[in-house]
Amino acid sequence: MKALFASIGLDASDVWTLFKLLDIDGGSMLELEEFIAGCLRLKGNATSVDLAKLSYEHKFFSQKMLRFIMKADDKLRALATAQNRQAEALIDVMTSAAGGSSYCG
C-alpha cells in the first residue's frame, strides 16, 4: 500500500487528509460515487494562484474567527459579572430577611 501511495506522490501522512477530502458526506466510509467524484475534484495540479487564494481565505477566516471568539469571550465575561452581582444581591436580600443573621437555608 505504501508503494502505491508513493507511486502517486502521496506520503503516508497525506492518506488521512486524502480520505477526509474524498469523504464528502462525512460518513467515515467512502462510497464508490464519493471516491470517483472526489478524485475528479482533486485531479490536476494546484497553481500558485490557487495556493495564494487558499492562503488568503485561510487568513481571512482565521481573523474573522478570532474576532468572533474575542467578542464571545467579552459577552461571557459580562454575563458572569452580571450573574455574580445578582447572586450577591440575592444573598443580601436573604440576609436582610433573616434579620441580619446569616441565611443557612
Could you pull out all residues at least two apart from Phe35 that satisfy ring pair (Phe, Tyr, Trp, His ring centres under 6.0 Å)?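 Checked Phe35 against ring pair (Phe, Tyr, Trp, His ring centres under 6.0 Å); zero matches.
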Sequence-distant partners of Arg77, salt bridge (charged side-chain N to carboxylate O under 4.0 Å, His left out), two or more places apart: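 Residues passing salt bridge (charged side-chain N to carboxylate O under 4.0 Å, His left out) with Arg77: Asp73.
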Please name the pair of heavy atoms, one in Met29 and one in Glu34, separated by the smallest distance, quoted to 0.1 Å.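 Closest approach of Met29 to Glu34: O-OE1, 3.0 Å.
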Run through the side-chain heavy atoms of Ile, Leu, Val, Met, Phe, Trp and Tyr, join any pair under 4.5 Å, and report what else lands in [X]'s cluster.
{"X": "Val49", "answer": "none"}
{"X": "Met65", "answer": "Phe68, Ile69"}
{"X": "Leu66", "answer": "Met70"}

Using the rule that two of Ile, Leu, Val, Met, Phe, Trp, Tyr join whenever any of their side-chain heavy atoms come within less than 4.5 Å, decide whether Ile36 and Ile24 are in one cluster.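 As far as the 4.5 Å side-chain criterion goes, Ile24 and Ile36 are not connected within one cluster.
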With sequence neighbours excluded, give me every side chain to side chain donor-acceptor pair (under 3.5 Å) pair touching residues 44-62.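 Non-adjacent pairs meeting side chain to side chain donor-acceptor pair (under 3.5 Å): Thr47-Asp50.
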Run the side-chain contact (heavy atoms from CB on, under 4.5 Å) check on Gln83 and Leu79 step by step: do they pass? CA-CA 6 Å; Gln83 184 179 22; Leu79 282 172; over 6 Å; no
Euclidean distance, Leu21 CG relative to Phe19 CZ, rounded to 0.5 Å: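 Nearest 0.5 Å value for the CZ-CG distance: 11.0 Å.
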Whether Asp23 side chain and Gly27 backbone form a donor-acceptor pair below 3.5 Å: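 It does hold such a pair.
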